[in-house]
Engineer: 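Pasting a structure here, questions to come.
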Amino acid sequence: MPLRIYNTLTRKKELLQPIEDNHVKLYVCGITSYDYCHIGHARSALVFDMVVRYLRYRGYKVTFVRNFTDIDDKIIKRANEQDIDSAALALRFIDEFYTDMDALGTVRPDIEPKATEHIGEMTELIQTLIDKGMAYPSGGDVYFRVERYDGYGRLSGRSLEDMQAGARIEVNEQKENPMDFVLWKAAKPGEPKWTSPWGDGRPGWHIECSAMSKKYLGATFDIHGGGKDLIFPHHENEIAQSCGASGMEFANLWMHHGFVTIKDEKMSKSLGNFLTIRDVLQQYSAEELRLFIFSTQYRNPLDFSEHALQDARAGLERMYDCLAKIEQLPAGDEQGPQVVGKKDRDKLESLEERFQHAMDNDFNTAQALGLLFDAVKTLNKVLRAAGGQVAADDYNLLTTTAATIKQLGEVVGILQHDPVEVMQQKKEQLLAAIDLSEAEISNLIEKRNQARANKDWATSDEVRDTLLASNIVLKDGPDGTTWDVK
RNA sequence: GGCGACGUAGCCAAGCGGUAAGGCAGUGGUCUGCAAAACCAUUAUUCAGCGGUUCAAAUCCGCUCGUCGCCUCCA
């Protein structure tokens, strides 16, 4: 029954115990909007989409906040390169982000705050830190005084000494300590700026999340999430700012997902080995992409390859095919022979429970999906054994299990389309690429059936080979011949 | 250099102290005129290597090797 989540802070799986009974408050670091999103961003969005869906499925109320960083060095730089306004650039890529998210079918967060709309909250927080001696203005900037916060390094598991030893930080004369980080940046000429007690400027990156999470979720909340690359310095600094200012705990649980890699290297802009979400969605459906992403547990690295996506496609089709067959099954016959054995019945009836058990273990989607596939395997076996004549009891088991599979699929966002239609659409799509209509295929099948009735195998095989040349595969079953596009 | 993660069949991937899920691919069989599909069976005496703890280890501990990540913007 209990849901356990791996907490980066303690390096252990911990029971989820929301501060407010049954209400989970979740903050996720969103994108910096200056470019199209790549598959790594898709993984992030999809992982937390799954988390929210699962928590809600388990009966929790979830308040989900995900921010937009719409002011930052990269945005300014990119806007300058294109000679456009930085705010306009940021807005444009927020729009593009929504386009991608809608295509992926992710649930919208409840609140999506933008950094530029919370400057007041940030300056207030910075002032609190200055008042407490945890921050200091210097030359128009304001810096966080890292040595004044005892717990600095506890999230990333490193000591201040370790970090200083290997510091690759640029020497900055304005800092008291090289590890101090900026809370407020003085504006250079021509840069976007806001007024503050320390002069015109803009916020540093980390302060926005501290300010906005506090505003919408409170000083202490349940889960804070993001990619592994945010652990240091971003989340470490958030903890320092938030705990430093409030004197209270910040997020109770820290969830960090692994990277998407290509040939085992991190996908990133600097390496140039990234694919955008829309690139991939041109070739693969959102559900295929989801199946691929959830084929491994969220903390592990996930290697992107054409082969892996093809596997996901084959797997998803296998599931839909099974569901479609059940949907088209004639209602159960009271007289029909029962073919489902006790072992299979128990297995199918306990599917939801076992699925929950897997997901309760730190959202183990890989195992959960394995259980779904295992159920499909069993359903296929039953369908085969029944041969179209299903006993009423078996029929009920088949249809309720199919409904359960669809319901559980919703947690990871797959199997949400009508199975019969999906299989039909798949055919039509592929047919469109071939110069044959369904009617022509039916005619050819009819011709072949006549030839077969006359035991004219030469003609029969000729028809089959002709169709095969157009990627149409014939399947002779007990109820006649059906076909599929290869 | 500091810190961390990972190494399970041809590929992907669960399992986290009680004797190796699942997917893709392969092989044999049922079915078929022959096929295809589907189904059934089968595919790791073994979990990078070497030691140790334990009645029992892929699972815990130590060392070695290998891969990757963070330490600078990054999901």
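Quantities reported herein were computed from a predicted structural model and do not represent experimental measurements. Chain identifiers are assigned alphabetically (A, B, ...) following the order of the sequence lines, protein sequences preceding nucleic acid strands; residue numbering begins at 1 within each chain.
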Engineer: Please classify the nucleic acid contact of A/His256 as base, sugar-phosphate, or nothing, using heavy-atom distances under 4.0 Å.
Structural biologist: nothing

Engineer: With sugar-phosphate meaning primed atoms plus P, OP1 and OP2, does A/Lys381 contact a base, only sugar-phosphate, or nothing at under 4.0 Å between heavy atoms?
Structural biologist: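 If one applies the 4.0 Å heavy-atom cut-off, A/Lys381 turns out to touch the sugar-phosphate alone, with no base involved.
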
Engineer: Report which part of the nucleic acid A/Ala308 touches: base, sugar-phosphate, or nothing (heavy-atom distance under 4.0 Å, all strands).
Structural biologist: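 The answer is nothing, as A/Ala308 stays clear of every strand by at least 4.0 Å.
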
Engineer: Identify, between A/Gly40 and A/Leu369, the residue whose nearest nucleotide on RNA chain B lies closer to the 5' end.
Structural biologist: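 It is A/Leu369, whose closest nucleotide lies nearer the 5' terminus.
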
Engineer: Less than 4.0 angstrom between a side-chain N/O of A/Asn380 and OP1 or OP2 of B/rA38, yes or no?
Structural biologist: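 Negative; the distance criterion is not met.
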
Engineer: In the strands shown, is B/rA13 matched to any nucleotide by a Watson-Crick or G-U wobble pair with both distances under 3.5 Å, and which?
Structural biologist: none

Engineer: Measuring from the side chain of A/Asn364 (C-beta onward, heavy atoms only), which nucleotide among B/rA38, B/rG2, B/rG15 has the closest atom?
Structural biologist: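 The nucleotide sitting nearest to the side chain is B/rG15.
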
Engineer: Give a yes/no answer on whether the side chain of A/Thr261 brings an N or O atom under 4.0 Å of OP1 or OP2 in B/rC68.
Structural biologist: no

Engineer: Between A/Glu306 and A/Tyr284, do the side chains contain an N or O donor and an N or O acceptor separated by less than 3.5 Å?
Structural biologist: yes

Engineer: Give none if B/rA48 has no partner; otherwise give the nucleotide forming a Watson-Crick or G-U wobble pair with it, both distances under 3.5 Å.
Structural biologist: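 Across any shown strand, B/rA48 pairs with B/rU64.
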
Engineer: Quiz question: going by heavy-atom distance under 3.5 Å, is there a donor-acceptor pair between the base of B/rG23 and the side chain of A/Ser295?
Structural biologist: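 Not at all, since no donor on one side and acceptor on the other fall under 3.5 Å apart.
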
Engineer: Taking the side chain of A/Phe259 as heavy atoms from C-beta outward, which of B/rG23, B/rA75, B/rC71 is closest to it?
Structural biologist: B/rA75

Engineer: Should A/Arg11 be listed as having a side-chain N or O under 4.0 Å from OP1 or OP2 of B/rG4?
Structural biologist: no

Engineer: Is the phosphate of B/rU32, meaning OP1 or OP2, less than 4.0 Å from a side-chain N or O of A/Lys475?
Structural biologist: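 Answer is no, no contact under 4.0 Å.
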
Engineer: Closest to the A/Lys266 side chain: B/rA38, B/rA14, B/rC70?
Structural biologist: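 Nearest listed nucleotide: B/rC70.
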
Engineer: Taking any heavy-atom pair under 4.0 Å as a contact, classify A/Arg154: base, sugar-phosphate, or nothing.
Structural biologist: nothing

Engineer: Look at all strands and tell whether A/His38 reaches a base, only sugar-phosphate, or nothing, counting heavy atoms closer than 4.0 Å.
Structural biologist: base

Engineer: So which nucleotide does B/rA58 pair with, by the Watson-Crick or G-U wobble rule with both distances under 3.5 Å?
Structural biologist: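 Paired with no nucleotide.
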
Engineer: Knowing that exactly one of A/Asp72, A/Asp73, A/Asp141 qualifies, which makes a salt bridge (charged side-chain N to carboxylate O under 4.0 Å, His left out) with A/Lys185?
Structural biologist: A/Asp73

Engineer: For A/Arg299 and B/rC6, is the shortest distance between a side-chain N/O and OP1 or OP2 below 4.0 Å?
Structural biologist: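 No.
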
Engineer: With distance as the sole criterion, is a donor-acceptor pair present between the side chains of A/Asp70 and A/Ser33 under 3.5 Å?
Structural biologist: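 Side chains of A/Asp70 and A/Ser33: no pair found under 3.5 Å.
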
Engineer: Taking the P atom in each of B/rC34 and B/rU42, what is the distance between them to the nearest angstrom?
Structural biologist: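 Nearest-Å result for B/rC34 against B/rU42 at atom P: 26 Å.
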
Engineer: Determine the contact category for A/Arg43: base if any of its heavy atoms lies under 4.0 Å from a base atom, sugar-phosphate if only primed atoms, P, OP1 or OP2 are that close, otherwise nothing.
Structural biologist: nothing

Engineer: Is any side-chain N or O of A/Asn300 closer than 4.0 Å to OP1 or OP2 of B/rA14?
Structural biologist: yes

Engineer: Pick base, sugar-phosphate or nothing for A/Asn361, based on heavy-atom distances below 4.0 Å to the nucleic acid.
Structural biologist: sugar-phosphate

Engineer: Should B/rU72 form a Watson-Crick or G-U wobble pair with both distances under 3.5 Å, which nucleotide is its partner?
Structural biologist: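 Pairing partner: none.
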
Engineer: Counting side-chain heavy atoms from CB outward, which of B/rC24, B/rA35, B/rC70 is closest to A/Arg464?
Structural biologist: B/rA35

Engineer: Can you tell which of A/Arg354, A/Glu353, A/Lys347 makes a side chain to side chain donor-acceptor pair (under 3.5 Å) with A/Ser350?
Structural biologist: A/Arg354

Engineer: For A/Val47, answer base if it contacts any base atom (sugar-phosphate contacts may also be present), sugar-phosphate if it contacts only those atoms, and nothing otherwise; contact means non-hydrogen atoms under 4.0 Å.
Structural biologist: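 The residue A/Val47 makes no contact with any strand.
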
Engineer: My understanding is that a pair needs two contacts under 3.5 Å, Watson-Crick or G-U wobble. By that rule, which nucleotide pairs with B/rA20?
Structural biologist: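 Pairing partner, where one exists within any strand: none, as none qualifies.
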
Engineer: Please work out if A/Lys74 contacts a base, only the sugar-phosphate, or nothing of the nucleic acid, heavy-atom cut-off 4.0 Å.
Structural biologist: sugar-phosphate

Engineer: May I ask which nucleotide in the shown strands pairs with B/rU30, Watson-Crick or G-U wobble, both distances under 3.5 Å?
Structural biologist: B/rA38

Engineer: Run the numbers on A/Arg92 and A/Asp95 for salt bridge (charged side-chain N to carboxylate O under 4.0 Å, His left out), then give the verdict.
Structural biologist: CA-CA 5 Å; A/Arg92 184 191 152 202; A/Asp95 274 351; over 6 Å; no

Engineer: When we call it a touch if two heavy atoms are under 4.0 Å apart, what does A/Ser159 touch: a base, just sugar-phosphate, or nothing?
Structural biologist: nothing

Engineer: Reckon A/Gln310 touches a base, only the sugar-phosphate, or nothing at all at heavy-atom distances under 4.0 Å?
Structural biologist: nothing

Engineer: Which is more 5' along RNA chain B, the nucleotide nearest A/Pro233 or the one nearest A/Glu265? Just name the residue.
Structural biologist: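 Closer to the 5' end of RNA chain B: A/Glu265.
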
Engineer: Per the atom types in the model, does the base of B/rA25 pair as donor or acceptor with the side chain of A/Asp311 at under 3.5 Å?
Structural biologist: no

Engineer: Under the criterion side-chain hydrogen bond (donor to acceptor under 3.5 Å, both in side chains), I'd like the reasoning laid out for A/Asn273 against A/Glu265: C-alpha separation, chi angles, the key distance, then a yes or no.
Structural biologist: CA-CA 9 Å; A/Asn273 61 347; A/Glu265 279 193 324; 4.6 Å; no

Engineer: So does A/Asp461 reach the base of B/rG33 with its side chain, donor to acceptor, closer than 3.5 Å?
Structural biologist: yes

Engineer: May I ask you to say what A/Leu230 touches in the nucleic acid, namely base, sugar-phosphate or nothing, with a heavy-atom cut-off under 4.0 Å?
Structural biologist: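 Sugar-phosphate contact only.
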
Engineer: Mark this stacking check for A/Trp457 against B/rG33 as yes or no, applying ring centres under 5.5 Å and ring planes under 30°.
Structural biologist: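 Yes.
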
Engineer: Give me the ring orientation class for A/Phe221 and A/Tyr27: parallel if the planes are under 30° apart, tilted from 30 to 60°, perpendicular past 60°.
Structural biologist: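 The rings of A/Phe221 and A/Tyr27 sit tilted, inter-plane angle from 30° to 60°.
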
